[in-house]
Number of protein chains: 4
Amino acid sequence: MARGVNKVILIGNLGQDPETRYTPNGNAVVNLNLATDESYKDRQSGQLVPKTEWHRVVMFGKIAEVAGQYLRKGSKVYIEGKLQTRKWQGQDGQDRYTTEIVVDINGQMQMLDSRGGSEGAMNQGAPQGRPQNQQYNQQPPQQPQSQSGGYGGNPQGQQPSGGMPEPVDDFDDDIPF
Amino acid sequence: MARGVNKVILIGNLGQDPETRYTPNGNAVVNLNLATDESYKDRQSGQLVPKTEWHRVVMFGKIAEVAGQYLRKGSKVYIEGKLQTRKWQGQDGQDRYTTEIVVDINGQMQMLDSRGGSEGAMNQGAPQGRPQNQQYNQQPPQQPQSQSGGYGGNPQGQQPSGGMPEPVDDFDDDIPF
Amino acid sequence: MARGVNKVILIGNLGQDPETRYTPNGNAVVNLNLATDESYKDRQSGQLVPKTEWHRVVMFGKIAEVAGQYLRKGSKVYIEGKLQTRKWQGQDGQDRYTTEIVVDINGQMQMLDSRGGSEGAMNQGAPQGRPQNQQYNQQPPQQPQSQSGGYGGNPQGQQPSGGMPEPVDDFDDDIPF
Amino acid sequence: MARGVNKVILIGNLGQDPETRYTPNGNAVVNLNLATDESYKDRQSGQLVPKTEWHRVVMFGKIAEVAGQYLRKGSKVYIEGKLQTRKWQGQDGQDRYTTEIVVDINGQMQMLDSRGGSEGAMNQGAPQGRPQNQQYNQQPPQQPQSQSGGYGGNPQGQQPSGGMPEPVDDFDDDIPF
DNA sequence: TTTT
DNA sequence: TTTT
């Protein structure tokens with residue numbers, strides 16, 4: 001139930017392999033960095049300048065499992081989720097904010113590669129009988145942890161590494177849920 | 001032209017009156033804080049807990065002018081835009097990142113109030129013959145400045161005030177465009 | 001599960017009160033006619049001509065119940081669903097096709113009236129403690145019948161009445177499900 | 001300008017090569033049939049049954065030119081447009097209605113094939129230096145004819161061929177615009 | 001950090 | 001009529 005609409009639709013490519021973690025309950029949580037490209041005309045040179053926007057995506061549940069298994073660096077993917085801004089503390093004790101696209105039970109994912117993302121990546125462990133272009137409209141099974149926040153996930157590429165906690169340890173040990 | 005899809009669709013209410021600024025070229029730039037609500041069931045209490053997500057919206061061009069004129073604190077609005085993350089420097093010299101929904105020439109806005117957002121706000125200067133429920137699908141006229149970044153805008157409600165530059169002055173004097 | 005994306009997002013007003021029916025299993029099925037307006041410039045006169053597009057919407061499950069209870073002629077509503085084209089037989093034995101927006105367990109609805117659609121309609125049976133601006137993101141409960149087709153529903157406003165079967169009777173008696 | 005939202009987002013495959021026509025002004029008009037797949041569980045057998053939904057898409061302007069040039073039978077494509085229902089006369093003099101997804105100056109298209117749609121089709125005239133995965137967010141140039149209706153386009157696969165006018169002739173000669 |  |  002909700003009062004309002006909060007929807008994000010992206011088609012882009014993964015900047016690196018997805019990072020998979022698990023909640024204490026055994027639910028998968030996957031972090032992606034997704035690039036969407038747009039070129040624009042520079043006002044001075046009049047030239048077409050490419051511009052890349054990077055998006056931090058967090059997936060939960062069944063979609064997360066599929067994403068962790070089949071997506072790789074370079075994979076093209078369609079994603080539907082919602083915006084969520086998390087607050088965290090920098091080393092200096094100041095608040096920081098990170099906005100992510102949350103893909104949970106209400107979200108959607110569709111792989112758009114006809115032949116796998118990157119051959120190299122697939123050799124490093126991707127399954128053989130890879131289901132191409134499958135889409136998962138995540139339905140009944142699990143309860144995403146998304147509300148509890150603090151699941152961690154390293155917003156690399158957005159925050160200076162010096163100012164970020166090490167979320168992996170937090171994720172396994174410290175986070176109170 | 002773009003390679004990828006980057007789309008955000010929101011329906012929510014303004015947390016405060018919009019802030020309007022102008023570029024040196026005279027183009028309007030409007031900042032909004034938009035709340036979308038979603039309630040979820042708490043795992044412990046089993047109760048329905050309301051959860052509000054706040055979104056920073058930046059509008060350009062004709063849509064910005066309309067938004068600045070007719071939207072007020074509390075107004076309900078439909079917005080279609082794209083995600084953009086800006087980098088800025090905190091007072092401590094460290095990088096900060098702010099993610100905004102940019103509504104430019106390709107975006108869309110629709111006012112959803114049948115009688116204006118808040119009566120009080122309207123008395124403070126909103127025009128009488130207010131066009132209700134009008135939608136503006138911003139088309140040909142201007143070139144949004146969105147690419148040049150640095151137009152400022154105070155991301156209040158998201159960043160600690162101590163760590164933010166004063167964008168109003170920057171906007172008028174210092175920003176190099 | 002799906003391979004592909006099929007998504008429709010509408011904000012419009014109901015042309016008349018919703019029609020509610022029930023499947024033999026007791027699941028609600030609601031038909032709406034929704035108007036979305038767009039004005040365009042006539043090439044000859046140069047004048048702004050209003051243009052209304054009518055959409056046939058079919059809702060299932062919990063969303064249908066809410067829509068049937070709270071929406072009325074004139075109500076403004078946000079709808080997210082998918083396109084589906086049904087084939088039916090005209091009186092002349094020829095095939096006809098009707099395209100509908102199906103709002104089922106994956107869809108979404110949000111009422112956008114601050115004070116109900118039309119006062120008159122509300123007097124004709126709408127409940128008092130009407131939940132305003134509530135949104136229902138239909139989740140786990142029921143299995144929509146949407147696939148079995150043939151639930152009927154009178155696509156008035158789109159098909160000439162002379163060429164349409166009487167779906168109400170069909171709905172109660174003849175449809176094999 | 002519009003009052004309301006009317007948006008369709010599809011990812012699917014072309015059932016056949018696109019059909020390109022030109023208005024008397026020389027503007028391209030392209031018709032596509034797009035398949036989106038969804039599988040559902042049959043209530044009786046409990047089996048996963050594939051279900052294909054076919055969509056009639058009409059494109060105008062620059063997007064139409066690109067689609068006509070680069071899309072082929074089997075191509076996977078992302079499309080954003082709006083719903084429009086056209087009325088036409090069957091041979092029996094009765095009204096018929098066809099719902100189409102109109103992709104005009106406000107729409108969007110993105111090719112999602114990494115290596116072209118179908119090799120066979122490409123041999124039949126597709127250009128060599130094919131720009132893969134390019135997206136066109138159609139902006140300033142032309143005025144779509146979409147409002148004047150009657151541009152024709154053969155809704156094959158939806159209407160019985162016996163009941164349809166021959167739109168190609170109409171398109172070139174008879175349509176009054 | 002991706003993609004063409 | 002497409003796709004896996």
Side-chain angles (χ1 to χ4, degrees), chain A residues 10-19 31-39 48 50-57 70-79 110-118 120-121 129-136 154-158 161, chain B residues 1-6 85, chain C residues 1-6 85, chain D residues 10-19 31-39 48 50-57 70-79 110-118 120-121 129-136 154-158 161:
Chain A
L10 302 175
I11 295 180
N13 300 282
L14 273 71
Q16 60 264 118
D17 286 2
E19 299 167 36
N31 288 277
L32 303 178
N33 274 311
L34 201 65
T36 57
D37 290 289
E38 182 183 19
S39 53
L48 212 60
K51 182 163 180 287
T52 295
E53 193 64 39
W54 286 98
H55 309 272
R56 228 187 115 57
V57 178
Y70 298 114
L71 295 179
R72 288 294 173 269
K73 176 180 177 177
S75 297
K76 184 184 283 290
V77 71
Y78 167 93
I79 270 174
Q110 169 145 14
M111 297 188 274
L112 297 172
D113 294 307
S114 26
R115 306 202 141 261
S118 71
R130 177 174 176 171
Q132 296 303 343
N133 289 39
Q134 292 245 107
Q135 180 201 340
Y136 296 81
N154 185 359
Q156 75 255 74
Q158 296 212 355
S161 59
Chain B
M1 250 171 275
R3 305 187 354 145
V5 170
N6 176 356
T85 298
Chain C
M1 250 172 274
R3 305 188 351 146
V5 171
N6 176 356
T85 299
Chain D
L10 302 175
I11 295 181
N13 300 283
L14 272 71
Q16 61 263 117
D17 287 1
E19 300 167 35
N31 288 278
L32 302 179
N33 275 311
L34 201 65
T36 56
D37 289 289
E38 182 183 18
S39 54
L48 213 59
K51 182 162 180 287
T52 296
E53 193 65 38
W54 286 98
H55 308 273
R56 231 187 113 57
V57 178
Y70 298 115
L71 294 180
R72 288 295 174 267
K73 175 181 177 176
S75 296
K76 183 183 284 291
V77 71
Y78 166 92
I79 270 174
Q110 170 144 12
M111 298 187 273
L112 297 173
D113 294 306
S114 26
R115 306 203 142 260
S118 71
R130 175 175 177 171
Q132 296 303 345
N133 288 37
Q134 293 244 107
Q135 180 200 341
Y136 296 81
N154 186 357
Q156 75 255 75
Q158 296 212 358
S161 61

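When reading the values below, keep in mind they use all heavy atoms of this one structure, side chains included, and skip hydrogens, waters and symmetry mates.
- Put simply, the side chain of A:Q110 never gets that close to the backbone of C:R3: no donor and acceptor are under 3.5 Å apart.
- Spacing between atom NZ of D:K73 and atom P of F:dT2 amounts to 5 Å, rounded to whole angstrom units.
- Rounding to whole angstrom units, CG of residue D:L14 and C1' of F:dT4 are separated by 17 Å.
- Between D:H55 atom NE2 and F:dT1 atom C1' the separation is 13 Å, expressed in whole Å.
- Between D:V57 and D:V77, every side-chain heavy-atom pair lies at or beyond the 4.5 Å cut-off.
- Within the 4.0 angstrom heavy-atom criterion, no nucleotide atom of any strand lies near D:T36.
- Atom-to-atom, CD of D:E19 to C1' of F:dT2 comes out at 15 Å; the value is rounded to the nearest Å.
- For the pair A:I11 CD1 and E:dT2 C1', the computed distance is 15 Å after rounding to whole Å.
- For A:N13, the side-chain contact (heavy atoms from CB on, under 4.5 Å) criterion is met by A:K76, not counting sequence neighbours.
- Atom pair A:N13:CG and E:dT2:C1' shows a separation of 5 Å (rounding to whole Å applied).
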Self-check item: Trace of the side chain to side chain contact (heavy atoms under 4.5 Å, CB included) decision for D:L10 with C:V5
Solution: CA-CA 5 Å; D:L10 302 175; C:V5 171; over 6 Å; no
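- The CE-C1' distance, from D:M111 to F:dT2, rounds to 17 Å in whole Å.
- At whole-Å resolution of the value, CG in D:L32 and P in F:dT2 are 15 Å apart.
- Closest contact between the side chain of B:R3 and the listed nucleotides E:dT1, F:dT2, E:dT4 involves E:dT4.
- Here E:dT2 is the nucleotide among F:dT1, E:dT2, E:dT1 with the atom lying nearest to any side-chain atom of A:A35.
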